[in-house]
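One structure is given below, encoded as structure tokens.
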Amino acid sequence: MEKFELKNLCDKIIENIDFMLKEYKSSKNWGIFDMIGGGLIASLVKHNKINKANSMFSKLNEDLKLLKSEIKYLEDFKLDEISNLDKFLDIGFDNIFSDIYIQNKIKSSIDKLEELRCTIEEIKNNI
């Protein structure tokens, strides 16, 4: 793969990460509102944002595999996925414990995506 193709791939990955970060950060804000009594609507909006972010995950993984085939030292990326069971428990029971659990998973996802973004930026700058 040519240098400009690798840089374009890095840009594409960063764009996907930025989209996911935007949605996760928004879901985190809705989660805070949910924790202070936002109710069903807040939970549904929060999970809609999470679903939007998760919809990019398979594309992000595809692009990362392609980049890894060229950049051997790139580590595998794993995201703490918020499962359907997690969503059901959060919406169904809608209590502070399920809210905190989901908030922790969202925060973990944000942290991992921000770390990955820095790694991809570094790779791009070194190409």
Side-chain angles (χ1 to χ4, degrees):
M1 194 177 273
E2 299 291 324
K3 283 186 178 186
F4 77 93
E5 291 173 310
L6 282 173
K7 285 188 177 209
N8 286 340
L9 180 59
C10 288
D11 286 338
K12 188 174 162 187
I13 291 169
I14 290 168
E15 186 179 307
N16 289 341
I17 292 170
D18 287 345
F19 174 83
M20 292 175 75
L21 281 170
K22 179 181 146 256
E23 295 301 325
Y24 275 124
K25 287 177 180 179
S26 180
S27 71
K28 183 179 175 197
N29 292 337
W30 278 99
I32 292 168
F33 179 59
D34 190 23
M35 289 170 64
I36 58 173
L40 180 62
I41 299 295
S43 290
L44 292 174
V45 172
K46 173 178 66 178
H47 286 288
N48 183 46
K49 299 287 184 181
I50 292 168
N51 289 340
K52 284 183 182 179
N54 288 346
S55 71
M56 294 299 293
F57 187 69
S58 62
K59 181 63 179 146
L60 178 64
N61 266 342
E62 265 179 46
D63 291 339
L64 287 171
K65 283 180 187 175
L66 183 58
L67 184 61
K68 188 174 181 169
S69 70
E70 299 292 325
I71 311 291
K72 302 298 182 204
Y73 62 88
L74 184 62
E75 293 181 20
D76 288 336
F77 175 70
K78 291 188 170 64
L79 198 61
D80 292 336
E81 194 172 341
I82 298 170
S83 70
N84 287 333
L85 178 60
D86 292 334
K87 293 174 197 173
F88 171 77
L89 293 174
D90 184 36
I91 293 170
F93 291 101
D94 198 22
N95 61 48
I96 191 70
F97 302 110
S98 61
D99 290 341
I100 290 170
Y101 175 75
I102 296 297
Q103 283 296 97
N104 287 336
K105 281 197 152 193
I106 292 169
K107 184 182 179 328
S108 172
S109 295
I110 290 170
D111 291 346
K112 288 178 181 181
L113 284 166
E114 286 176 339
E115 184 180 323
L116 177 63
R117 190 183 195 290
C118 288
T119 300
I120 301 301
E121 282 282 349
E122 188 177 312
I123 289 169
K124 180 184 170 191
N125 291 334
N126 289 325
I127 294 175

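Since we're looking at a predicted model, the values are computed, not measured.
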Taking a hydrophobic cluster as the set of Ile, Leu, Val, Met, Phe, Trp and Tyr residues connected by side-chain heavy atoms closer than 4.5 Å, whether directly or through intermediates, do [X] and [Y] fall within one such cluster?
| X | Y | value |
| --- | --- | --- |
| F77 | L74 | yes |
| L6 | L66 | yes |
| Y24 | I32 | no |

Establish, from distance only, whether the side-chain atoms of N29 and K49 form a donor-acceptor pair under 3.5 Å.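 On atom types as modelled, these side chains do not qualify, holding no pair under 3.5 Å.
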How about D86 and S83: does a side-chain donor come under 3.5 Å of a side-chain acceptor?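 Note: D86 and S83 side chains meet the donor-acceptor criterion.
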With sequence neighbours left out, write down each residue that passes side-chain hydrogen bond (donor to acceptor under 3.5 Å, both in side chains) with N104, or none if nothing qualifies.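 So N104 forms no side-chain hydrogen bond (donor to acceptor under 3.5 Å, both in side chains) with any residue.
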So, K107 and D111, do they make that salt bridge, N to O below 4.0 Å?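 Salt bridge present between K107 and D111.
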Looking at E114 and K25, is any side-chain nitrogen of the basic one under 4.0 Å from a carboxylate oxygen of the acidic one? yes
Nearest 0.5 angstrom please: [X] [atom1] to [Y] [atom2], how far?
| X | Y | atom1 | atom2 | answer |
| --- | --- | --- | --- | --- |
| L64 | D76 | CG | CG | 9.0 Å |
| I82 | S109 | CD1 | OG | 5.5 Å |
| S27 | I110 | OG | CD1 | 6.0 Å |
| D99 | I36 | CG | CD1 | 11.0 Å |
| L116 | M20 | CG | CE | 9.0 Å |
| L60 | I14 | CG | CD1 | 11.0 Å |

Look at the side chain of S26 and the backbone N and O of E23, then say whether any donor-acceptor pair between them is shorter than 3.5 Å. no
Take D63 and K59 through the test salt bridge (Lys or Arg N to Asp or Glu O under 4.0 Å) and record every step on the way to the result. CA-CA 6 Å; D63 291 339; K59 181 63 179 146; 3.3 Å; yes
